[in-house]
Every structure is written in structure tokens, then in C-alpha cells.
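Here's the structure, in C-alpha cells; my notes come after.
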Amino acid sequence: MQLHDSSAQGPGSVSPSEIARFSELAERWWDPAGPMRPLHAMNDLRISWSLARLPAPADDRGTRRTLLDIGCGAGLASEAFARAGFDVTGLDASSAAITAGRQHLRHHPLPAGSGPLAYRCGSAEELCAEGAQFDAISALEVIEHVTDPAAFLGMLATMLRPGGVIVVSTMNRTLRSLAMAKIGAEYVLRLLPVGTHEWRKFITPAELGQQAVRAGLRIADIAGMVPALGGWRESRDLGVNYIACLVRD
């Protein structure tokens with residue numbers, strides 16, 4: 001069932017201006033040379049790092065574990081997690097992005113052995129209201145776009161089963177990130193459309209750690225992500241992009 005676009009709901013985690021901006025890019029989401037090429041470039045690292053820290057895709061009885069990919073866009077990460085064997089729900093408030101994700105999945109079916117993948121247009125608030133629960137949650141390049149990062153992380157924690165894992169990737173609020181991820185990527189190199197990011201909304205690792213504690217989570221691992229020849233690589237440098245594993249004990 002397709003829900004209405006959450007951007008019309010008013011106050012909540014969803015920012016209408018952010019959803020409108022990404023909806024305009026939806027048709028070219030899967031184009032590796034298009035406006036989402038930075039996500040394509042870093043996706044292998046994001047997924048491999050996440051899979052090394054998430055629970056196994058299936059339990060001892062062979063039952064697939066559930067994974068929520070929130071802010072999934074058109075499904076770059078959602079498809080990868082399904083190919084790894086998870087039962088994936090891809091959630092995004094942009095109906096245009098969800099439509100693009102469904103179309104890509106229709107034209108490029110997942111290989112045999114993959115887990116199921118279902119896309120849904122909606123918000124974290126809606127899932128919380130339904131009492132939805134997941135074994136794992138991915139929020140990749142999402143938290144810096146929501147209206148209230150602390151409240152958003154709290155909602156994710158309520159949807160995570162005990163022992164579950166949340167993987168968050170985002171950008172640090174430093175002068176380097178202002179120069180590289182904002183000015184450089186958007187205005188100089190034109191790697192991203194102008195206005196994609198708001199530097200003041202970037203989140204430091206310390207802030208993420210504080211928000212995690214308030215949500216009943218702890219950071220179990222954290223790493224920097226830096227561009228490298230042919231893709232991205234893991235680094236100890238958290239100065240611009242980083243990825244973190246949050247656990248609910």
C-alpha cells in the first residue's frame with residue numbers, strides 16, 4: 001500500500017524542502033554519472049562496513065532478519081542489503097524516489113537467494129505509530145536532512161529490537177567539511193546540485209554520541225570515509241564523512 005507523501009504532514013522528522021529537493025533528482029537516482037554519483041561511489045564502502053557489523057541476515061533457523069533502510073531514496077542501499085539476504089523495507093517520504101526505486105527493481109530483479117525488498121512512502125512517525133520493529137536499521141546520509149536529529153534517532157531506537165544495530169552515516173560539522181563537502185562538492189566541482197546540504201545541520205561524532213545515549217543506544221564502532229582511487233575507503237579521519245554503528249543492548 002502506498003501512503004501519501006509525508007512532506008504534507010506538517011511538523012515531524014520530515015523536512016518538506018529537503019523532500020522536494022531530492023524528489024527532483026529521483027529520475028536520475030540510479031545514474032552513476034548523474035547527480036547521485038557521490039552516493040554510487042561510496043556505496044560499496046557503506047554496505048561492506050555495515051554488513052560487517054549488522055547481525056547475520058538470517059538466524060539459526062534460517063529466518064531472515066528484518067532491516068529498515070530509512071531515507072532510502074531510490075534504493076541504492078536497499079537493494080544491496082536485500083542481495084545480502086535481509087528482509088528489507090525501504091522507506092522514504094518522497095513518492096518520486098519510491099516510484100524510481102520500484103521501477104528499478106522491476107527492471108532489474110534481485111538475484112536468486114536475495115531477501116525480499118518492499119518500498120514504502122512514509123515517515124518514521126508512521127512506523128512508530130504502527131509499533132513496527134526491526135532487527136537492524138540503516139540511516140545512510142539521512143540524519144543531516146531531518147528536522148530534529150535527536151528526536152529522529154529516538155524514533156529509530158524505539159523501532160529497534162533489543163540487541164539490534166543501527167548504522168548511521170553522515171557528515172561532520174568542521175571547516176574541512178564546509179570547504180570540501182559543501183563549497184567544493186556543490187559549487188566548485190559540481191559533484192552535487194547546489195543546495196543539497198546545509199552545513200549547519202552537519203552532526204559531529206560527539207553530538208551523535210550524546211543523541212545516541214539519550215535514545216538508549218551506544219556507539220559500538222565508528223570510522224571515517226574518504227575518497228580513494230576507484231571508490232571510497234575506510235579511514236581514521238572523521239573530519240568530513242563518517243559512519244557509525246549504534247547498538248541497543
Side-chain angles (χ1 to χ4, degrees), residues 39-92 101-102 104-105 108-120 122 124 127-128 130-143 152-170 205 208-209 211-213 215-225 231-236 241-249:
L39 292 186
H40 283 267
M42 69 170 59
N43 202 48
D44 284 349
L45 173 59
R46 298 189 310 175
I47 299 304
S48 62
W49 196 93
S50 299
L51 291 177
R53 290 152 182 86
L54 291 172
D59 62 21
D60 295 338
R61 297 169 295 177
T63 303
R64 295 187 190 276
R65 289 194 167 95
T66 56
L67 183 147
L68 170 64
D69 184 24
I70 193 162
C72 66
L76 288 181
S78 298
E79 287 199 9
F81 286 126
R83 285 194 296 271
F86 285 97
D87 180 345
V88 178
T89 297
L91 180 77
D92 202 282
R102 288 172 174 158
H104 187 269
L105 187 60
H108 303 84
L110 295 172
S114 299
L117 168 56
Y119 287 114
R120 172 172 172 167
L127 286 185
C128 283
E130 296 170 10
Q133 292 278 287
F134 299 90
D135 299 307
I137 299 175
S138 62
L140 306 178
E141 279 67 51
V142 174
I143 197 168
F152 175 73
L153 198 57
M155 283 189 287
L156 298 190
T158 66
M159 292 189 285
L160 189 67
R161 293 191 175 101
V165 175
I166 301 175
V167 175
V168 175
S169 61
T170 187
L208 182 65
Q211 294 166 3
V213 169
L217 304 166
R218 64 177 175 86
I219 295 182
D221 202 358
I222 191 167
M225 298 191 298
W232 286 56
R233 65 176 177 83
E234 181 180 343
S235 169
R236 294 181 180 178
N241 294 79
Y242 66 96
I243 188 167
C245 169
L246 312 180
V247 299
R248 180 181 176 188
D249 294 319

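Side chains are part of it too, since the values below use all heavy atoms of this structure and drop only hydrogens, waters and symmetry mates.
Side-chain atoms of R248 never come within 3.5 Å of backbone atoms of G163 as a donor-acceptor pair (strictly under, hydrogens ignored). At distances below 3.5 Å, not a single donor-acceptor pair connects side-chain atoms of D69 with backbone N or O atoms of G90. A donor-acceptor pair is defined here as one N or O able to donate and one able to accept, closer than 3.5 Å; such a pair exists between the side chain of S169 and the backbone of E141. The backbone N or O of A56 sits less than 3.5 Å from a side-chain atom of R65, completing a donor-acceptor pair. Of the possible donor and acceptor atoms, none in the side chain of T63 sits under 3.5 Å from a partner among the backbone N and O of D59. A donor-acceptor pair under 3.5 Å links the side-chain atoms of R64 to the main chain of G85, judged by distance alone.
Between Q211 and I143, the shortest heavy-atom contact is OE1-CD1, 4.2 Å. Residues A80 and I47 share a closest heavy-atom pair of CB-CG1, 3.7 Å. Nearest approach of L140 to A77, heavy atoms of both residues: CD1-CB, 3.8 Å. Taking every heavy atom of both residues into account, G209 and I219 meet most closely at CA-CD1, 3.7 Å. When all heavy atoms of S50 and V167 are compared, the pair lying nearest together is OG-CG1, 3.3 Å. D221 approaches R53 most closely through the heavy-atom pair OD2-NE, 2.7 Å.
For H104 and E79, the side-chain atoms include at least one donor-acceptor pair closer than 3.5 Å. For D135 and T66, the side-chain atoms include at least one donor-acceptor pair closer than 3.5 Å.
In this structure, the separation between CG on L156 and OG on S138 is 9.5 Å, given to the nearest 0.5 Å. From I70, atom CD1 reaches atom CG of L127 across 6.5 Å, with rounding to the nearest 0.5 Å. Of the inter-residue distances, the one linking W232 atom CH2 with M225 atom CE reads 6.5 Å to the nearest 0.5 angstrom. A distance of 6.0 Å separates CG of L39 from CG of L76, quoted to the nearest 0.5 Å. Interatomic distance, R236 CZ to E234 CD, rounded to the nearest 0.5 Å: 10.0 Å. Taken from CZ in F81 to CG in L54, the straight-line distance is 5.5 Å, to the nearest 0.5 Å.
The closest side-chain heavy-atom distance from T170 to Y242 is below 4.5 Å. Residues L153 and L246 have side chains in contact (heavy-atom distance under 4.5 Å, counting atoms from C-beta outward).
Qualifying side chain to side chain donor-acceptor pair (under 3.5 Å) partners for D44, counting only residues two or more places apart in sequence or in other chains: none.
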